[in-house]
Amino acid sequence: MKQGDHLFLVDGSGYIFRAYHALPPLTRKSDGLPVGAAAGFCNMLWKLMQDARNTDVGDAPTHFAVIFDYSSKTFRNELYPEYKANRSAPPEDLIPQFGLIRHATRAFDLPCVEMEGFEADDLIATYARLASEAGAETTIISSDKDLMQLVTPQVSLYDPMKDKEIKVPEVIEKWGVPPEKMIDLQALMGDSVDNIPGVPGIGQKTAAQLLAEYGDLDTLLSRAHEIKQNKRRESLIEHREKALMSRELVRLKQDVPITEGLETFTLQPPNGPKLISFLKAMEFTTLTRRVAEITDCDASAIEAAHVPVQWGKEARGPDLDPGTASATSTPVAADASSHNGVTHYTPAALASARASAAAGAPFDTSAYVVIHDLATLNAWIGEAREAGVIAFNTKSNSADPMQAELAGFAIATRPGRAAYVPLGHKSGDTDMFGGGLRDGQIPARDALAALKPLLEDSSVLKISQNLKHDFVVMNRHVIDIRAFDDTQLLSYVLDAGTHSHSFEALAERWLGHQVIAAKDIYGSGKSSRSFDMVEIAQAAAYAAEDADVTLRLWRVLRPRLVEDGLVNVYERLERPLVPALAQMEQRGISIDRQILSRISGELAQGAAALEEEIQVLAGEKFNVGSPKQLGEILFGKLNLPGGSKTKTGQWATSAQILEDLAAEGHELPRKIVDWRQLTKLKSTYTDALPGFINPETGRVHTSYALAATTTGRLSSSDPNLQNIPVRTAEGRRIRAAFIPEPGNVLISADYSQIELRVLAHVAEIPQLRQAFSDGVDIHAMTASEMFGVPVEGMPGEVRRRAKAINFGIIYGISAFGLANQLSIPREEASAYIRKYFERFPGIKDYMESTKAFAREHGYVETIFGRRAHYPEIRASNPSIRAFNERAAINAPIQGSAADIIRRAMVRMEEALAKAGLDQTRMLLQVHDELIFEAPESEAEAAIPIIRSVMEGAAMPAVAMKVPLHVDARAARNWDEAH
DNA sequence: AGGTTGACATA
DNA sequence: GTATGTCAACCTT
């Protein structure tokens, strides 16, 4: 290698993961072999080589190699065993592709380099150094920040996905430091992905600022005492060693003992037949055709190569067949067949075709239409009827659909074809009368009248992201949306646990598209504004893009539902809940302001009195609400025993610790616990709830999230009505402030022990099943089985322990957790668990088989087929893995119970109506409890209907081997009904 | 003004 | 030991 030469080094391993995560995961060969990442890799490599060959002589590569990681274990693990320890095992469908990609590299006639004990990055660093010493230039194909330290005037990075070159100025722009300081920067900021500790509290910005001021890490550490900011200074001094070790972890090794010299990297002219043979075997038809064209080969005359596939976990390294193409052909089954010009796809093929078509397809904001007149709107409505689908979303002046005034709505009829209809945008003029309506908007009443028949037409599918919101907004305009899909729910059913279901995340993941940031439209902080104050052109771009993206997402996600066999879960468990919840949210519940206000006053008095006593006992005034100050007083000033630290080094002052201190006779901790209880009740409930009373309805309307939990539970917010106090007498006074309208009652109906019943069903435990059938006290039965104590006259403590164990089982028990819960030694907890498993071996079996299932598939299933994914279940870090195992054990139990109550909710409305109880209304759900409001005259008849719907909710899909039991009662407030 | 932490309310 | 959401304090920007 000599001056003027140009070395291209591809970071193959980095690219594999990027291609895998950036591309739709469904690309498979006709025999089912996943090849998405390999396809991305081949496309990238081909494009790269074409582009490179077509550039000026000086820039074109003369030498070319692809570098891989050999394995996850390197010399860095000896330096720091935790290095990259939180990495989970590669996804199952990626594993065979490690080998494929190495075969692909050889098919391209390119050197494929890897070395045991070193990362690809180290090899790249070494080759880049050698090339620079020879006077040649180097381009590294990667955008990994770990490689930025190598950038010099002779060495640059190139990101093929973003088509962006990274040279010295780009590094400075992005990181705030020149490349040679990247190592110090990374040492300070650490890296959670690679588990590099860095210095706590110091992020990228602070690190760059410190390096700019002190020059380098060594100087900074030696002069750390000069730093003004307390926290920063102490952190730097305390974590000095961590920083130095981190630096060694991120520093790339430039002297790897390489076996292949640069001369072996000389770029060869393309070998068309060899490459085509491989591409044909992979069924990459488009690329095959392209390569055939450019290399002037007849692809049909070339036989597909035989490519050996390795599925094992260690499908990497030099054990892979280094030879190329032997000429056995791979049988090709058609995924798509054509009849009479219509293409018929299998579900998998359609899903994969849609995903590839959507990924990276361009967006053209300027093509979006702003609709100013009714005629145009009607034309679009006609288009939607013809298409049979329409993406639809409302825009309003408030995030709360119960207060929202419509600003406009967006629609899309096919990818790229989207429009915004402004209705209520106001001008920014801020005279004393407020801004008036802007020009060029259809009167809302006329637009809605035109839209109503379309939204209510069950032959046109309406699609939205979080449709419940639009449903409520439209309902308030007396429009009842019929026939709909919700992209967020689709994503949730398909991928709960794997990634976020937010609009932005889905657009990025499936369309490779960054949507206009909400912040750019709404502003933030003081300068934030509601949507009706946004200029129409800007609003239109944002809202129409929303509809366009939603429609494209639906085209990708809906076929996946069929492919994964989740149509039933979506259509029975998820989608019908949207109108049910929308109704509940719209109804809201009454609370008694006076009661809350009175309690609030009393709480304030109680807290003030306690606060004074606390400060006397402490001997000084301090902020009782500050755990930090409290910790100093208790364990510093008063020197109480039993202090422990939280992960950030503060004194821990949890209720448990304070209770322990109180039990030893200390007065102060007890008072703190009491004070906290009073102030918590005051701030979160008595003071906050009245603020949620809707001025129009006079009621409180919570918002339920359908797609927030991994297990299938709902969540409630603004306000959260699923955590209204119940355990203490003080707390129950708040619950008593939830009241019915005059002449009505509240009915509370809750499942008894539903999760334990689900456990008894899925694990088929004979004693548990018998006990539930006989209706005996389940915890007492457990205690009796375990400790041989008769149920009659059983001491409370014995039953309490058995109860804790039963709950522990549901939570994926650990000795540590049980010991904490019961305040007993870990050995004792261990013995209890052992005993339990002896008495109920079926439970142990259930737990083990659930773990095995999760490890194999990456997800677990409820009895109705809902999936919860745990991608980190194979993490090499034992505590991360154990956490995922417990969650995976819990999910089918918690999730099946959640599914049961969902089914009950879906059926409730109709069952009540059928019984003629049209005034009985379902208002709230609290995981295993439903709250209704009913006229006094209906309550007695409603209770048996409610009970039978709830108790029969699993049928007919699942015949529970254990009966479900529901307790229900009516009363004048929620506390008495519960 | 925004993000993180510790604490605590529920099932 | 599971699953959530909200608040006040605190730190940084």
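- Contacts of Ala652(A) with the nucleic acid, taken as non-hydrogen atoms under 4.0 Å apart, involve only primed sugar atoms and P, OP1 or OP2.
- Counting only N and O atoms by type, the side chains of Gln403(A) and Ser398(A) include no donor and acceptor under 3.5 Å apart.
- Ala708(A) comes within 4.0 angstrom of the backbone, heavy atoms only, and of no base.
- Applying the 6.0 Å contact sphere to CD of Gln209(A) captures more than 12 heavy atoms from other residues, nucleotides or ligands.
- Salt-bridge annotation for Asp495(A) and Arg867(A): absent, with no side-chain N of the basic residue lying under 4.0 Å from a carboxylate O of the acidic one.
- Between the CZ atom of Phe738(A) and the P atom of dT10(B) there is a distance of 13 Å, rounded to whole Å.
- Residue contacts shown for Arg713(A) include a base, since a base heavy atom lies under 4.0 Å away.
- Cation-pi contact between Lys645(A) and Trp651(A): present, with separation from the ring centre below 6.0 Å and deviation from the ring axis of at most 45°.
- Among the heavy atoms of the strands, none lies under 4.0 Å from Phe807(A).
- The distance from atom CD1 of Ile813(A) to atom CD1 of Ile889(A), rounded to the nearest 0.5 Å, is 10.0 Å.
- On the nucleic acid side, DNA chain C has its first and last nucleotide under 4.0 Å of a heavy atom of chain A at dG1(C) to dT13(C), going 5' to 3'.
- No hydrogens or angles considered: nothing links the side chains of Thr709(A) and Ser715(A) as a donor-acceptor pair under 3.5 Å.
- Within 4.0 Å (heavy atoms only), Ser814(A) reaches at least one base atom of the nucleic acid.
- Side-chain contact check for Glu632(A) versus Lys637(A): every heavy-atom pair is 4.5 Å or farther apart.
- Within 4.0 Å (heavy atoms only), Ile893(A) reaches no atom of the nucleic acid at all.
- Nucleic acid contact for Asn720(A): sugar-phosphate only, since backbone atoms but no base atoms lie under 4.0 Å from a heavy atom of the residue.
- Side-chain atoms of Trp974(A) and Ile739(A), non-hydrogen and from C-beta on, never get closer than 4.5 Å to each other.
- Residue-level contact check: Ala815(A) touches neither bases nor backbone, having no heavy atom under 4.0 Å from any strand.
- Within the nucleic acid shown, Ala888(A) has no heavy atom closer than 4.0 Å to any nucleic acid atom.
- Leu630(A) places its CG atom 15 Å from the C1' atom of dT5(B), with the value rounded to the nearest Å.
- Residue Gly808(A) is classed as a base contact, given a heavy-atom separation below 4.0 Å to a base.
- A donor-acceptor pair shorter than 3.5 Å can be found between the side chains of Arg801(A) and Tyr832(A).
- Counting only Watson-Crick and G-U wobble pairs whose two key distances fall under 3.5 Å, DNA chain B forms stems of three or more stacked pairs at B:1-11 with C:2-12.
- One atom, NE2 of His927(A), and another, P of dA9(B), lie 16 Å apart when rounded to the nearest Å.
- Residues Asp718(A) and Ser703(A) have side chains that never bring a donor and an acceptor to within less than 3.5 angstrom of each other.
- For the pair Pro892(A) and Ile863(A), the minimum side-chain heavy-atom distance is 4.5 Å or more.
- No contact: Thr679(A) has no heavy atom under 4.0 Å from any strand.
- Distance Arg727(A) CZ to dA9(B) C1': 8 Å, rounded to the nearest Å.
- Less than 4.0 Å separates DNA chain B from no heavy atom of any residue of residues 818-842 of chain A.
- Within the nucleic acid shown, Ile813(A) comes within 4.0 Å of at least one base atom, counting heavy atoms only.
- Distance Gln650(A) CD to dG6(B) C1': 9 Å, rounded to the nearest Å.
- In this structure, Trp675(A) places its CH2 atom 16 Å from C1' of dA9(B), rounding to the nearest Å.
- Considering only heavy atoms from C-beta on, Gln925(A) stays 4.5 Å or farther from Glu929(A) through its side chain.
- Considering only side-chain N and O atoms, Thr653(A) lies nowhere under 4.0 angstrom from the phosphate OP1 or OP2 of dG6(B).
- Atom CD1 in Ile734(A) sits roughly 10 Å away from atom P in dT10(B) (whole-Å rounding).
- One can place NZ of Lys680(A) at 11 Å from C1' of dG6(B), the figure rounded to the nearest angstrom.
- A donor-acceptor contact closer than 3.5 angstrom links the side chains of His501(A) and Ser491(A).
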